[in-house]
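This is a predicted model, so every value here is computed, not measured. Here is the naming used below: chain letters follow the sequence lines, and residue numbers restart at 1 for every chain.
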Amino acid sequence: MIQPRTLKGFRDYLPQAMLAREHLIETARGVYRSYGFAPIDTPALEYLEILAGKGSDETDKQLYKFTDAGGREVGMRFDLTVPLARFAAQYAQQLGLPFKRYHIASVWRGENTQRGRYREFMQCDFDTIGTESQASDIETALVIHDLLTKIGFADAFTIQVNHRGVLNGLLETLDLADQSTHVLRAIDKLAKIGPEKVAAEMQETAGASIEQAGEVLQFAALEGPNEQVLEQLKPMVAGSEVGEAGLARLEEVLSGIAAAGVSPERVKLDVSIARGLDYYTGMIYETTLAQLPDIGSVASGGRYDNLAQMFTKQKLPGIGASLGLDRLLSAMEELGMVPEVRTPAEVFVPLFNEELLGPLLKLSNDLRSAGLRVELYNEPKKLGKQLQYADKRGHRVAVIAGPDEIEAGECQVKNLADGSSATVKLEAAAGEIEKILAGK
RNA sequence: GUGGCUGUAGCUCAGUUGGUUAGAGCGUCGGAUUGUGAUUCCGAAGGUCGGGGGUUCGAGACCCCUCAGCCACCCCA
């Protein structure tokens, strides 16, 4: 016998997990579409040269690669951004710009596993490419805002925004511009490891002096209402072209988000967020949950100057972000937001005996025609057993129709949550069920 | 990739200084005069003690290797 098992970092999803997962994905899809983002898909496998050398050395190490039967060097995609770059370079002419797309798909990274970190996981990206407009910057935040709201976090999250130009402007004035990657990476850890360690890291990896590190930390510590922070930033980046431009854009974006009707409490200018990725050049976004700030960002992204420079001479600026599906799911699990349901069908129809199979198939189909999801039990077991099954699965309503009811053209509609039931004409069953599902 | 912790039934865990036939709760399945679950009672099935090797008269307990999970670093979703 072969032992049934899955590879390290790869997972199976049971119905309960998968229902929650699909619900999240459908919500994300709905939000993306509501802004006009169109779906695309790309192959899981790409020529190795497309994927290799795109991220850091780190991503190269994590890349799953092999030689296929035709002798081609191929790799499995490790994110959705590189495939998008290739895709955009290849189809920019026929797509037209700006191009807004979403892409929900699995990616693979051969890195060491940890809680919430797997070798196969799903990304839910949305990007707008071919424009540097403030509108696209603002919309990115609005999409994130809608995502979290629709998923059920209402007012319990904060979108932190920042602008790489402001960070780089400061580094310019401090004469640390050529070390920006190291400095930003260090700043990104501020919340996690504290100012002393960040200062030490900056001195070590970026060769910053104690004074420079101090200035950076002082900058990163800026706090308060958005307007106030903006004011304080002005003198700090004065004289730096990128710094001033970044600050201006930040101001525009914040007021745009407010103009869209988003509560100002949801969006916070936080100069300490940097995002690890080198390729961000403009606005950057992170999202944390009020109840679980420690799990980190559940939706993040930013603007990049030139997405597809590896693949085309055409300049394709863009902005995008991604929903951290797995992280969000584990957060929701922790917060008890994942219902204990193992069936997608709200209605359960027990099978009394084989003689009634015909009428019950008909009844089930009529209910489906009325827009309900109905499971007809497949074996004529004892009613108690069948109801037990329905209860375990999380069906909400049972429609019980035995010989007596069928004879009278009736059925019993039973609310499985409280045990109450009502006997109604078969034609009225759907309406009765709707009443229960509506919660009254 | 580096370092640390862990691995006993489907799940959560007990298993005394190594000592005979490895236990519980939950879950699963079956039953309690065959039409009512979530809240009863009874019963049953289910374990290569992650896998392999070693030490020992004897290993679930000790040692080595390996696989997997968790945590930290790294990086990131």
Side-chain angles (χ1 to χ4, degrees), chain A residues 1 3-12 14 16 24 28 55-63 77-81 104-125 181 184-186 188-189 192-193 197 201 205 274-280 286-287 295-301 320-331 340 342 348-353 356 377 380-407 411-421 423:
Chain A
M1 288 236 285
Q3 189 195 355
R5 53 178 187 159
T6 54
L7 282 168
K8 179 186 174 76
F10 288 72
R11 298 169 293 165
D12 291 320
L14 273 57
Q16 187 177 336
L24 261 192
S56 51
D57 298 345
E58 206 57 42
T59 52
D60 266 12
K61 267 196 284 181
Q62 298 174 359
L63 190 61
R77 63 175 175 226
F78 60 87
D79 70 8
L80 299 178
T81 305
I104 300 174
S106 293
V107 302
W108 298 269
R109 293 183 195 174
E111 67 176 328
N112 222 339
T113 56
Q114 234 177 83
R115 184 165 65 94
R117 238 168 122 168
Y118 308 96
R119 290 183 170 176
E120 177 182 61
F121 58 95
M122 190 160 269
Q123 292 198 322
C124 307
D125 283 24
T181 302
L184 296 182
R185 210 166 264 174
D188 210 31
K189 296 177 190 165
K192 203 168 165 186
I193 64 178
K197 286 184 177 171
E201 181 170 331
T205 64
R275 309 281 312 136
L277 291 176
D278 307 348
Y279 58 74
Y280 288 125
E286 289 198 355
T287 313
I295 68 162
S297 177
V298 295
S300 43
S322 167
L323 183 69
L325 190 77
D326 289 295
R327 199 175 268 189
L328 199 53
L329 269 173
S330 67
E340 296 217 1
R342 290 186 276 168
F348 178 80
V349 179
L351 177 62
F352 263 80
N353 55 48
L356 288 180
Y377 199 70
K381 287 195 186 166
K382 291 173 59 173
L383 184 57
K385 286 288 164 208
Q386 299 194 46
L387 288 175
Q388 208 171 57
Y389 169 94
D391 185 59
K392 294 265 159 56
R393 298 290 155 126
H395 293 278
R396 297 178 60 193
V397 177
V399 177
I400 302 171
D404 299 346
E405 285 88 350
I406 293 293
E407 181 72 26
C411 64
Q412 188 192 136
V413 175
K414 183 178 176 104
N415 183 341
L416 290 172
D418 62 17
S420 66
S421 69
T423 300

### Query
Listed by chain and number, what are the ring pair (Phe, Tyr, Trp, His ring centres under 6.0 Å) partners of A:Phe121, not counting sequence neighbours?
none

Tell me the interatomic distance from [X], atom [atom1], to [N], atom [atom2], rounded to whole angstroms.
X        : N      : atom1 : atom2 : result
A:Ile104 : B:rA77 : CD1   : C1'   : 14 Å
A:Asn112 : B:rC67 : CG    : P     : 12 Å
A:Leu323 : B:rA77 : CG    : C1'   : 10 Å
A:Arg119 : B:rC70 : CZ    : P     : 11 Å

### Summary
Per-residue pairing states of RNA chain B in dot-bracket (Watson-Crick or G-U under 3.5 Å; . unpaired, | other strand) read (((((((..((((.....[...)))).(((((.......))))).....(((((..]....))))))))))))....

### Summary
Readout for nucleotides 29-42 of chain B: B = base within 4.0 Å of protein heavy atom, S = sugar-phosphate only, - = neither; 5' to 3' it is -S-S--BBBB----

### Query
Between A:Glu201 and A:Asp326, which has a closest nucleotide on RNA chain B that is more 5'?
A:Glu201

#### Entry: Pairwise 5' ranking along RNA chain B for A:Thr113 and A:Gly324, keeping only the more 5' one
A:Thr113

### Message
Looking at the base of B:rA77, is there any donor atom on it, or on the side chain of A:Glu111, that sits under 3.5 Å from an acceptor on the other one?
### Response
yes

### Task
Check whether the side chain of A:Arg117 and the base of B:rC70 form a donor-acceptor pair under 3.5 Å.
no

### Query
Under the 6.0 Å and 45° cation-pi test, does A:Arg393 pair with A:Phe348?
no

